[in-house]
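To keep things clear, I will list the structure first and then write my remarks on it.
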Amino acid sequence: MSVADKVMELAKRRGFFWISAELYGGVSGFLDFGPLGKLLKRKIEEKWRYWFVLKNQEFVVEIETPVITPYKVFEASGHVGHFTDYMVECLKCGRKFRADHVIEEQTGLSGLEGLSEEQLTSIITERNVKCPECGGQLGTVKKFNLLFQTTIGPYSENVGFARPEAAQGMFTTFNRVYNVMRNKLPLGIAQIGKVMRNEISPRQGPIRLREFTIMELELFYDPQEPSCHVLDKNEVLRLVPEDSVAKKDLTPLEVTVEEALRKRLVACEWLAYFMVLAQKFVQELGIPWDKQMFVAKLPQERAHYATQVYDQVVKLEKWGWIEVSGHAFRTDYDLRGHMASSGEDLRVYKQFQSEVEVEEVEVRPLVDAIKEDYETDASAIINALKMMPGERVLEEIKSKGFFEMGGYRIYPKHVSFEKVKKNVKGRKFIPFVAEPSFGAERLVYASMEYAYREKDGRVILSFPPDIAPIEAVVLPLVNRDGLPEKAREIYGMLSFRGLVVEYDDSGSIGRRYARADEVGVPLAITVDYQTLRDDTVTVRDRDTWKQVRVRIEKLPEIVEVYIKRRELKEPLKKLFE
RNA sequence: GCGGCCGUAGUCUAGCCUGGACUAGGACGGCAGCCUGCCACGCUGCGGACCCGGGUUCAAAUCCCGGCGGCCGCACCA
């Protein structure tokens, strides 16, 4: 039996998580979290919040936006266009392929994103595209849209989607939060919430889900001031850069942040900063340094919105290296898209000390050409184009042949450029975005797998004390002579302090220790006969089984300090040495 | 969606091939109680299961069909 199987069995048996709707046979891709799982997940979320929000609360804030999101938002974000996969099956060998990929490979055509199933099918027929494996004939193209779709309001034509990432909620409300945060950059907007992706066939238990919790942060900064003031460049990153991945060499480099930036392995300082935090965060979940690394995503496997992506992967016993977070450099892609679709100005204004003369490239929309191609959307596009940073538009048109903005493509025929000199008192720009994004359920599972130990045929979950679902258990040594009463009293006292505690008087003392170890309770407090004489109890450490005797009045503080650990470990450290 | 394997108490499993004595057995866990001066002690007792539907048969956990679900592989995983 693999560790994964044991963990899954334990998860089910002791109430961490299990497959949802089991009553009706279950559905893959959905999980129920039981009492312990919910506690564990909450603690992991809390730890994420510590590292990614509280630590930088001066400029990072947490918000909450809805799961159901209007069609327009995901059209603007590019998800409607890019989140749909077109599949085609070989009629001879039965293999399935991404239709657009096969066509691109065999015909050299590109820019197929906007096409329908019918159009792709007819290209296959016309250009005689064959199965790349066996040369057989291909069938008709079928669409897979990974967005969960619904209608907003009953009997309504108003299509909405369940969000596949929380990010769009942060982008669409960026200007308000920016304003509330008194117009300052850098600004981080964080969110923890449910997202949904209608995966074709989710497997691997808690690893690939159709509905899961994302912990995401969008950091907005001025592209002209890209330095991250909280970054320590001496920190070391363990990563596999893009060119190694391209060569299929997955040996991680251990480089300082300074070096990673100098060699352009990491695209921007903020991304590097969050990667450093991500390592610490994941390490604190009990996953050692050498069991995690960052792997660059190649251009073709990157999300449509990102110019650089590193996946943070951790080694799992059964499933290999599994992504637990993605670190994407999204530039101004998303805000730009929402500007084009909404026609609103999402730029940020920065005032100069004094008026200065600048020379910049301005975009001049060619109104007739845009009207011709985009009809009713033209006015929003024209408006947005005028607000786009000229250099970037020019550059992208040069390199890709078009400039993309919220599902619209701007080709050379749509714009002209003009270099202008002018005196200005400030500048308007679209912020750049660096995004770390974590999957909570995968971290829950990974922390359980790394906590899993067996000792003398007993199972112990050695969670780091600060993520253990239950913080302490109170036990009377025997069930007589007033010991249970005293133990209950202590239980009540700890519980009143807001600690997650359990009381257990069933079976022998050894059995109760074992029961607590199995779900990772870090401290066991035992009331014995000496307690009745001098108001002391024994505190047992889950991992070493060592015990120390402490005064009851000191207990709440000791337990609190121990389970919170951070920077406070000294007073308790002594106890178990 | 395709192919292979599979579905029995909370968990793990025996039984299925060869239909009937299966009132479905065991282990672990749970609960109640006794016992218990520190690592799953022992004793007594109590609950608890054949994925769903149809068929064959005198008789189905067992055979057949369909459905649902799971695991593995293919594909997919922005």
Side-chain angles (χ1 to χ4, degrees), chain A residues 1-2 4-6 8-15 18-30 34 74 77-90 93-98 100-101 113 133 139 142 144-147 164-165 167 197-205 207-210 212 297 300-306 309 311 318-319 322-323 326 328 437 439 455-460 475-481 483 505-518 524-532 537-540 542 544-547 549:
Chain A
M1 204 180 185
S2 66
D5 292 343
K6 289 177 181 173
M8 302 283 275
E9 189 267 329
L10 178 64
K12 209 195 251 188
R13 190 164 46 79
R14 293 301 306 267
W18 52 78
I19 192 157
S20 199
E22 272 182 314
L23 199 56
Y24 295 99
V27 238
S28 73
F30 298 91
F74 289 111
S77 70
H79 283 86
V80 172
H82 298 276
F83 211 62
T84 303
D85 286 341
Y86 292 96
M87 306 287 305
V88 65
E89 188 175 358
C90 171
C93 70
R95 285 176 217 266
K96 295 205 170 188
F97 307 94
R98 285 275 297 268
D100 50 339
H101 288 182
E113 277 90 350
E133 289 294 325
K142 284 181 200 147
F144 286 90
N145 195 323
L146 300 183
L147 292 168
E165 57 169 10
R197 303 175 181 187
N198 208 354
E199 301 283 352
I200 294 165
S201 80
R203 298 263 171 80
Q204 306 171 318
I207 302 303
R208 272 184 66 203
L209 296 172
R210 290 195 167 109
F212 62 96
K297 290 221 138 181
Q300 62 271 24
E301 42 179 47
R302 280 201 291 260
H304 59 274
Y305 47 69
V309 176
D311 280 350
K318 186 167 170 184
W319 294 299
I322 288 289
E323 176 190 352
S437 169
K455 179 174 179 177
D456 305 339
R458 289 164 51 160
V459 171
I460 299 164
L475 316 162
L477 184 62
V478 293
N479 285 318
R480 52 178 157 81
D481 305 325
L483 264 48
D505 63 3
S506 136
S508 71
I509 188 74
R511 188 190 212 60
R512 285 178 262 154
Y513 286 143
R515 205 157 24 212
D517 288 346
E518 196 183 42
I525 294 150
T526 307
V527 170
D528 58 15
Y529 284 97
Q530 193 179 330
T531 307
L532 303 178
V537 289
T538 62
V539 178
R540 165 192 179 269
R542 174 196 63 206
T544 60
W545 294 11
K546 283 185 185 165
Q547 287 181 307
R549 188 162 277 280

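Just so it is clear: chains get the letters A, B, ... in the order the sequence lines come, proteins before strands, and each one is counted from 1. The shown structure was predicted, so the numbers you read here are calculated from the model rather than taken from an experiment.
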Tell me the closest heavy-atom pair linking A/Gly34 and A/Trp18, and the distance in Å. CA-CH2, 3.5 Å
Inter-nucleotide P distance (B/rC31, B/rA21), Å rounded: 35 Å
Could you walk me through whether A/Glu518 and A/Arg13 pass the side-chain contact (heavy atoms from CB on, under 4.5 Å) check? CA-CA 11 Å; A/Glu518 196 183 42; A/Arg13 190 164 46 79; 3.0 Å; yes
Measure from CZ on A/Arg208 to P on B/rC71 and round the result to the nearest Å. 11 Å
Residue set satisfying side chain to side chain contact (heavy atoms under 4.5 Å, CB included) with A/Thr538, at least two apart, ordered chain then number -> A/Thr526, A/Asp528, A/Gln547, A/Arg549
Give me the distance, rounded to whole Å, that separates B/rU13 from B/rU18 when you measure between the P atoms they each carry. 24 Å
Roughly how far apart, to the nearest Å, are B/rG53 and B/rG45 at atom C1'? 39 Å
Where protein sits on nucleotides 31-44 of chain B, one letter per nucleotide: B base, S sugar-phosphate only, - none, heavy atoms under 4.0 Å: S----BBBBBB---
Dot-bracket summary - RNA chain B, pairs being Watson-Crick or G-U whose distances fall under 3.5 Å, with | when paired to another strand: (((((((..((((......[....)))).(((((.......)))))....(((((..]....))))))))))))....
Output yes when a side-chain donor or acceptor of A/Arg302 lies under 3.5 Å from a complementary backbone atom of A/Lys297, and no otherwise. yes
How long is the line joining CH2 of A/Trp18 and C1' of B/rG69, in whole Å? 18 Å
Distance check needed: B/rC71 C1' versus A/Lys12 NZ, whole Å only. 12 Å
Same-atom distance (P) from B/rA9 to B/rC76, integer angstrom: 36 Å
Taken to the nearest whole Å, CD1/A/Ile19 to P/B/rG70 is 5 Å
For A/Leu483, side chain to side chain contact (heavy atoms under 4.5 Å, CB included) partners two or more places apart: A/Pro476, A/Leu477, A/Val478, A/Val527, A/Tyr529, A/Leu532
A/Ala514: which residues meet the side chain to side chain contact (heavy atoms under 4.5 Å, CB included) condition with it, sequence neighbours left out? A/Arg458
For atom P, what is the distance between B/rG7 and B/rC65, given to the nearest Å? 16 Å
Would you mind classifying the nucleic acid contact of A/Leu10 as base, sugar-phosphate or nothing, using non-hydrogen atoms under 4.0 angstrom? nothing
Rounded distance in Å - CH2 (A/Trp319) to C1' (B/rC76): 18 Å
B/rU36 and B/rC52: how far apart are their C1' atoms, nearest whole angstrom? 48 Å
Straight-line distance of A/Arg515 CZ to A/Ser506 OG, nearest 0.5 Å: 4.0 Å
Using the test side chain to side chain contact (heavy atoms under 4.5 Å, CB included), find all partners of A/Ala516 that sit at least two apart in sequence or belong to another chain. A/Val473, A/Val521
Quick one: A/Leu23 CG to B/rG69 P, roughly how many Å, whole number? 14 Å
Distance check, P atoms only: B/rG29 and B/rA40, in whole angstrom units. 11 Å
B/rC63 to B/rG20 separation - P atoms, rounded to the nearest Å: 11 Å
Whole angstrom value for the distance that separates P of B/rC77 from CZ of A/Arg302: 16 Å
A/Glu22 CD - B/rG7 P separation (whole Å): 17 Å
